[in-house]
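Note on naming: letters A, B, ... go to the chains in the order of the sequence lines (proteins, then strands), and numbering restarts at 1 for each one. Below, each value reflects all heavy atoms present in this structure, side chains not excepted, and no hydrogens, waters or symmetry copies.
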2 protein chains.
Amino acid sequence: MKLSLRGEYALRALIVLGLNYHEHVVPIQVISEQQNIPKRFLEQILGDLKSVGIVESKRGVAGGYRLRMAPDHITLAAVIRHIEGPLAPVSCVSVRFYERCSCPDEAKCGIRSIMKEVRDAIAALLEKYTVAQLCERVRKLQGENLNPLDYII
Amino acid sequence: MKLSLRGEYALRALIVLGLNYHEHVVPIQVISEQQNIPKRFLEQILGDLKSVGIVESKRGVAGGYRLRMAPDHITLAAVIRHIEGPLAPVSCVSVRFYERCSCPDEAKCGIRSIMKEVRDAIAALLEKYTVAQLCERVRKLQGENLNPLDYII
DNA sequence: TTTAATGCTTAGTAATATAATAAACTAAAT
DNA sequence: ATTTAGTTTATTATATTACTAAGCATTAAA
């Protein structure tokens, strides 16, 4: 598993939306400026998250994005799988993105059997952590009494 | 951490060399045919492993490659770090390939603190496993009594 | 001392992925 | 009607991946 900028931006945007979960919708512009993410690029990323039902949008004046699910129901695994693809280091050990690799017999492949352990370790962590926990960490790290829109992620 | 074909080929080649550790040198040609790895590409990869002292070569007639270190001294972490780069999902949590990322304050970055756990989980496994253990798995999976050059990896 | 089998070195390339940018459109609120 | 904001579809620059090509250098054996 490798987190590209695209994936990092997605997580940062979700934290902003998570910290503002009970407030109004947050415009792309605001997320873009606060997090220093190119606006056009962020549009694509949020559109992508919308298509899987992680966020929802409101158009027009006073429009923007909000989470569509409670922050503690959005696992990092779900987000990263959708933005980046497989969590596994090789796709022949991926559960959701399985693809055959070049070895002749998977059942007898030594590399595969070790990479399976690596995948499981990664997946265990990323299935455990949610956007809510990410937000919690940000609050803990930066102090409880900040305004949601002042958090630096 | 993501294993590209290059990295997979490196591991497969090291298994072949590991299984033949006490024998003579193994020619690229043999590894290439047995493992179905493009020869020229494998030359590059083995040259790369040679430059870090993981394998050594003998030129000329009856030349080839052998491990330069005992198989149980070659961790998968060392191999993968050299072939693929950082084990960490983002390089701001990488121990050996650290690079600053785009967030304003790393100490307060929630993403970073979770990705650090992911890195540690991956590194723990890959530091633990060695080429010797990989070879052991191959032997276990395929039967003890095969000739080293008959193993299918 | 030649020759054939090997590794070594440098360069080039095609395909794909990454990280954007651009332009024009649609929807909603005032 | 106008302005704010999300939507859609292309386009582009750069980097990475997985090779491929060509020719040189070394060594053992005939």
Review point. Below 4.0 angstrom from OP1 or OP2 of D:dT17, is there any side-chain N or O of B:Y9?
Key: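 Answer no for this pair, as no side-chain N or O of B:Y9 is under 4.0 Å from OP1 or OP2.
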
Practice item. Kindly state which residues belonging to residues 77-95 of chain B come within less than 4.0 angstrom of DNA chain D, counting heavy atoms of the residue only, listed by number. Key: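 Contacting residues: none.
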
Check your understanding: Which of residues 38-45 of chain A sit near DNA chain C, with a heavy atom under 4.0 Å from it?
Key ->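 Going residue by residue through residues 38-45 of chain A, the ones with a heavy atom under 4.0 Å of DNA chain C turn out to be A:P38, A:R40, A:F41, A:Q44.
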
Exercise for review: Would you mind reading off the distance between A:I31 atom CD1 and D:dA5 atom C1', rounded to a whole angstrom?
Suggested key: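 Atom-to-atom, A:I31 to D:dA5, this comes out as 12 Å.
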
Exercise for review: Starting from P on D:dT20, measure out to CD1 on B:I37 and report it in whole angstrom.
Suggested key: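 So the CD1-P distance, B:I37 to D:dT20, works out to 13 Å.
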
Review point. Could you give all pairs that pass the ring-ring contact (aromatic ring centres under 6.0 Å, His included) test and reach residues 7-56 of chain A, with sequence neighbours left out?
Key: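 Listed once each, the pairs are A:Y9-A:F41.
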
Exercise for review: Applying side chain to side chain donor-acceptor pair (under 3.5 Å), name anything that partners B:S113, two or more places apart in sequence or on another chain.
Suggested key: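 Only A:R137 meet the side chain to side chain donor-acceptor pair (under 3.5 Å) criterion with B:S113.
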
Compile the donor-acceptor pairs under 3.5 Å between side chains in residues 55-63 of chain B and protein atoms, sequence neighbours left out, one pair per line.
from, atom 1, to, atom 2, distance (Å)
B:E56, OE2, B:R66, NH1, 3.2
B:S57, OG, B:K50, NZ, 2.9

**Study point:** Qualifying residues under salt bridge (charged side-chain N to carboxylate O under 4.0 Å, His left out), relative to A:R119, sequence neighbours excluded
**Key:**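 Once residues adjacent in sequence are excluded, A:R119 has no partner under the salt bridge (charged side-chain N to carboxylate O under 4.0 Å, His left out) criterion.
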
**Study point:** salt bridge (charged side-chain N to carboxylate O under 4.0 Å, His left out) against B:D120, all qualifying residues, sequence neighbours excluded
**Key:**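 B:D120 satisfies salt bridge (charged side-chain N to carboxylate O under 4.0 Å, His left out) with no residue once adjacent residues are dropped.
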
Mind listing the N/O atom pairs, protein and nucleotides 26-30 of chain D, below 3.5 Å?
from, atom 1, to, atom 2, distance (Å)
D:dT26, O5', B:R59, NH1, 3.4
D:dT26, O4', B:R59, NH1, 2.6
D:dT27, O2, B:V61, N, 3.3

Exercise for review: Heavy atoms of chain A, cut-off under 4.0 Å: which first and last nucleotide of DNA chain C, 5' to 3', fall inside that, if you could look?
Suggested key: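 Going 5' to 3' along DNA chain C, contacts run C:dA19 to C:dA29.
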
Practice item. Any salt bridge (charged side-chain N to carboxylate O under 4.0 Å, His left out) involving residues 28-42 of chain A? Give me the pairs, sequence neighbours left out, ordered by first then second residue. Key: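 Listed once each, the pairs are A:K39-A:E43.
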
May I have the list of side-chain donor-acceptor pairs in residues 72-91 of chain A shorter than 3.5 Å, sequence neighbours left out?
from, atom 1, to, atom 2, distance (Å)
A:T75, OG1, A:A78, N, 3.0
A:R81, NH1, A:E127, OE2, 3.1
A:R81, NH2, A:E127, OE2, 2.8
A:E84, OE1, A:S4, OG, 3.1
A:E84, OE2, A:S4, N, 2.8
A:E84, OE2, A:S4, OG, 2.9
A:E84, OE2, A:G7, N, 3.1

